[in-house]
Each structure stands twice: as C-alpha cells, then as structure tokens.
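To keep things clear, I will list the structure first and then write my remarks on it.
All figures in this text were calculated on a predicted structure; none of them were measured in a lab. Excluded from the calculations below are hydrogen atoms, water molecules and symmetry mates; all remaining heavy atoms, backbone and side chain alike, are included. Numbers here are sequence positions counted from 1.
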Amino acid sequence: MVEFILIIVLATTIWLTYDASTNKIPATKQPYSINNGALAWCLSALLLWIVTFPYYLVRRSQVLRERRGNGNSETFSAQDIESQLSALARLKEQKLISESDYEQKKKQLLGI
C-alpha cells in the first residue's frame, strides 16, 4: 500500500512539474520565473504533497482562466502592444474614451 501511494505522489509530482513548466504557472502572484514556477511547485509537492497538489490544481485553473479572460495578451509581441497603446492614446486625445478607461486598458495590455 505504501508503494502505491509513493508511486501516486511521484507520478503526480512529475506531471505537476511538467505542466507548470509548459503552462508557465507561477506559485505566487509574481510573474513566472525559474524560482517561482516549476521548481517551486516540484519541491513543494515533494515536501508536502497533500496540500500542494490540490492548491496547484486551483492555482492552475485561476491562471488559465485569467489568460483566457484577457484574450491571451501574453502572446502579443512588443510591436502589437506598442501599436495598441498608441491607438489607445489617440482615442483618449480625441476624447472618445475617458482617462479611467485609457488607464484600465493600458494596464491590461501591459499586464499590470
């Protein structure tokens, strides 16, 4: 029985590490990095699997939902973001959008 549990823990930890690396799921609200991503998830799962694995599933769901909700703004190139920001500035100058709408959309494009 212990061997079966160990196999489950190791298998799910390997999947968790691979998935966190592939989908760039950060362990905290900070941007994804080597110290805040797959490595952190792997070590955490090895040390305290019973808490980490369910938390990872919740965190993964949140991050993927946010990315879908933002229209995948992370896949935009720097030129795309720059052109969108300049278009927003023109709309603001022409008084077609308010200052608060401009700031909100700017933060969304920059991922702030």
Side-chain angles (χ1 to χ4, degrees):
M1 183 68 171
V2 173
E3 294 86 10
F4 179 72
I5 293 172
L6 183 62
I7 290 170
I8 296 295
V9 168
L10 289 176
T12 55
T13 299
I14 291 168
W15 173 82
L16 179 147
T17 305
Y18 174 77
D19 190 67
S21 176
T22 303
N23 290 316
K24 304 287 189 232
I25 308 293
T28 64
K29 297 286 184 181
Q30 301 298 320
Y32 181 87
S33 70
I34 189 70
N35 296 329
N36 187 31
L39 180 62
W41 286 115
C42 180
L43 293 175
S44 179
L46 288 173
L47 296 173
L48 194 58
W49 181 87
I50 195 73
V51 174
T52 301
F53 189 69
Y55 178 70
Y56 175 77
L57 295 176
V58 170
R59 182 79 179 117
R60 178 182 190 271
S61 174
Q62 290 171 343
V63 169
L64 295 178
R65 190 177 321 113
E66 286 172 8
R67 288 181 188 162
R68 278 194 304 269
N70 290 341
N72 260 346
S73 63
E74 293 182 313
T75 61
F76 292 144
S77 70
Q79 291 175 339
D80 291 339
I81 293 173
E82 184 180 348
S83 66
Q84 289 183 7
L85 286 173
S86 62
L88 273 175
R90 281 192 303 264
L91 290 172
K92 185 181 88 169
E93 288 170 5
Q94 297 170 355
K95 308 266 192 245
L96 295 174
I97 61 172
S98 68
E99 180 71 30
S100 63
D101 289 339
Y102 170 76
E103 289 299 324
Q104 181 182 11
K105 189 64 176 172
K106 182 174 119 179
K107 286 179 181 179
Q108 183 181 14
L109 283 171
L110 296 175
I112 299 174

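- Between atom OG1 of residue T17 and atom CD1 of residue I25 there is a gap of 12.5 Å, rounded to the nearest 0.5 Å.
- By the salt bridge (Lys or Arg N to Asp or Glu O under 4.0 Å) test, E93 is found to be paired with no residue, residues two or more places apart in sequence or in another chain being considered.
- Residue pairs that meet the salt bridge (Lys or Arg N to Asp or Glu O under 4.0 Å) test with at least one member in residues 44-53, sequence neighbours left out, do not exist here.
- When the salt bridge (Lys or Arg N to Asp or Glu O under 4.0 Å) test is applied to K105, no partner is found at least two apart in sequence or on another chain.
- E103 meets the side chain to side chain contact (heavy atoms under 4.5 Å, CB included) test with E99, K106; sequence neighbours excluded.
- Evaluation of the side chain to side chain contact (heavy atoms under 4.5 Å, CB included) rule for L96 yields L91, Q94 as partners, not counting sequence neighbours.
- A side-chain donor-acceptor contact under 3.5 Å links S86 to the backbone of S83.
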Kindly list each side-chain donor-acceptor pair under 3.5 angstrom involving residues 51-59, sequence neighbours excluded, with atom names and distances?
residue, atom, partner, partner atom, Å
T52, OG1, S44, O, 3.2
T52, OG1, S44, OG, 2.7
T52, OG1, L48, O, 3.0
Y56, OH, D19, OD2, 2.5
Y56, OH, A20, N, 3.2
R59, NE, P26, O, 3.3
R59, NH2, T28, O, 2.7

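- Between the CH2 atom of W41 and the CG atom of L46 there is a distance of 13.5 Å, given to the nearest 0.5 Å.
- Applying the salt bridge (Lys or Arg N to Asp or Glu O under 4.0 Å) test to pairs two or more places apart or on separate chains, none has a residue in residues 35-47.
- In this structure S100 satisfies the side chain to side chain donor-acceptor pair (under 3.5 Å) test together with S98, sequence neighbours excluded.
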Give every donor-acceptor pair under 3.5 Å between a side-chain atom in residues 4-14 and any protein atom, sequence neighbours left out.
residue, atom, partner, partner atom, Å
T12, OG1, I8, O, 2.8
T12, OG1, V9, O, 3.1
T12, OG1, W49, NE1, 2.7
T13, OG1, V9, O, 2.7

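- Under the rule for a side chain to side chain contact (heavy atoms under 4.5 Å, CB included), the partners of S61 that lie at least two apart in sequence or sit in another chain are R65.
- One distance of note links CG of L88 with CD1 of I97; it measures 5.0 Å at 0.5 Å rounding.
- The stretch residues 39-52 participates, sequence neighbours left out, in no salt bridge (Lys or Arg N to Asp or Glu O under 4.0 Å) pair at all.
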